[in-house]
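Every chain is numbered from 1, with letters handed out A, B, ... down the list of sequences.
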Amino acid sequence: MAEVKVRIPTPLRKITNDQEEVSATGVNIKEIIENLEANYTGLKERICEDDGSLRRFVNIYLNDEDIRFADNLESSLKDGDELSIIPAIAGGAR
Amino acid sequence: MDFTDEQIERYSRHIILPEVGGKGQAKLLNSKVFVLGAGGLGSPSLFYLAAAGVGTIGIADDDAVDLSNLQRQIIHDTNDIGTHKVLSAKATIEALNPDVQVNAHQGRLTEDNIREIIRDYDILLDGSDNFPTRFLMNDAAFFEKKTLVSGSMFRFDGQVSIFKPHEGKPCYRCLYPEPPPKGMVPSCGEAGVLGALAGVIGVLQAVETVKEILGIGESLAGKLLIYDALGSGFRKVRVMKDPECALCSDQATIKELSTYEQAACDFNGPTVG
């Protein structure tokens, strides 16, 4: 079981009581998401599809690497790892 | 190229930089940059690209200046309210630097006109305000083999990257394969954005564009620069080329342009609020 830090993007901070970084535990990212959901209800449905896979416009970085190009939600974790949830954003002109 | 005395003086702070020099300044003056959106991101990037002496600047926008734009869209001013944004931006640029030829593309970019419009330019900047346009721009840039300098922002967060699939680097779809579905996003007006954040992100796009033109420094291609205004921090993460990308991989399924149907602008999860 690893304890990691998870960086929360602004659009999801309402769910984490305005915290930009939260701690979570789990052996892999799937478990981290379940652990986050237990503490911050509603987070999971924002980032995952109904089948549990990551939404196509949300990326999770393990340290500086996109988990889709590692073992995705099965990527294993060690203490002190940092996860970042990065959604696509589109604002610019209006 | 031969500079006039006025140009030597105007660009002197560039020319004395060994990384730029007269040669680099000539590259800037001969370069052609297309900016999509004369709004929050386009305003600061257009300002600095024009000041830098980018010789030809194309601007596309289909909107007119509104009072609520002026909190961040600094290329327009109070007297421009009601004027078409491309014309207002053109006037500001021409007053700043007569060396710049401005092409104003008034109207919406569509799958039918975008490739022809961007074809004449060397580098493209995306400062658009919605996902369908971002995906359209990315796909058009891929088919036309143009470098795309992408910037986006939301509330207090910004992202900047460069997409160069024609040089073996990732495209926007490698980073985000699909836009959020309709109904999952609030309107930009509802979401809000910190005005000065547009300056940070738009100017970063201008810096990266100038670097690409000059061929100096480390390119942002294959990287995503993330700015968190509330946390006062920048982070850079790796963007991989997706071997299953629907657009730029060997397994591509997208063979021509199409447009996503979506009016809104940003990710906020299924329950908007």
Taking C-beta and beyond as the side chain, do P179(B) and F57(A) meet within less than 4.5 Å on heavy atoms? no
Where on D242(B) is there a heavy atom nearer than 4.5 Å to chain A: the side chain, the backbone, both, or neither? both
Is R68(A) close to P177(B) at the side-chain level, that is, under 4.5 Å between some pair of heavy atoms? yes
Looking at V239(B), L197(B), L224(B), L175(B), which one has more heavy-atom pairs under 4.5 Å with chain A than the rest? L175(B)
R134(B) side chain to A90(A) backbone, donor-acceptor under 3.5 Å: yes
Yes or no on side-chain contact (heavy atoms from CB on, under 4.5 Å) for D64(A) and K236(B), after CA distance, side-chain angles and deciding distance? CA-CA 7 Å; D64(A) 290 338; K236(B) 207 159 58 170; over 6 Å; no
Tell me whether N59(A) contacts the main-chain N or O of Y176(B) through its side chain, where contact means a donor paired with an acceptor under 3.5 Å. no
So how far is it from D157(B) CG to R13(A) CZ, rounded to the nearest 0.5 Å? 6.0 Å
Would one find more than 12 heavy atoms of other residues, nucleotides or ligands at under 6.0 Å from atom NZ of K90(B)? yes
What's the separation between atom CZ in R173(B) and atom CZ in R56(A), rounded to the nearest 0.5 Å? 9.5 Å
Once rounded to the nearest 0.5 Å, what's the spacing between atom NZ of K241(B) and atom CZ of F69(A)? 10.0 Å
Surrounding CG of D51(A) (heavy atoms of other residues, nucleotides or ligands, distance under 6.0 Å), is the total greater than 12? yes
Can you tell me if E244(B) has over 12 outside heavy atoms packed within less than 6.0 Å of its CD? no
In terms of heavy-atom contacts, does CG of D250(B) have more than 12 from other residues, nucleotides or ligands at under 6.0 Å? no
Backbone N or O of I89(A) within a donor-acceptor pair of the S152(B) side chain at under 3.5 Å? yes
Using 4.0 Å as the upper bound for N to carboxylate O, is an ion pair formed by D66(A) and K223(B)? no
Measure distances from I86(A) to the heavy atoms of chain B and classify the residue's part below 4.5 Å as side chain, backbone, both or neither. both
Would the distance check show the side chain of Q159(B) and the main-chain N or O of P87(A) forming a donor-acceptor pair, the cut-off being under 3.5 Å? yes
Less than 4.5 Å apart, side chain to side chain, heavy atoms only: is that true for R235(B) and R7(A)? yes
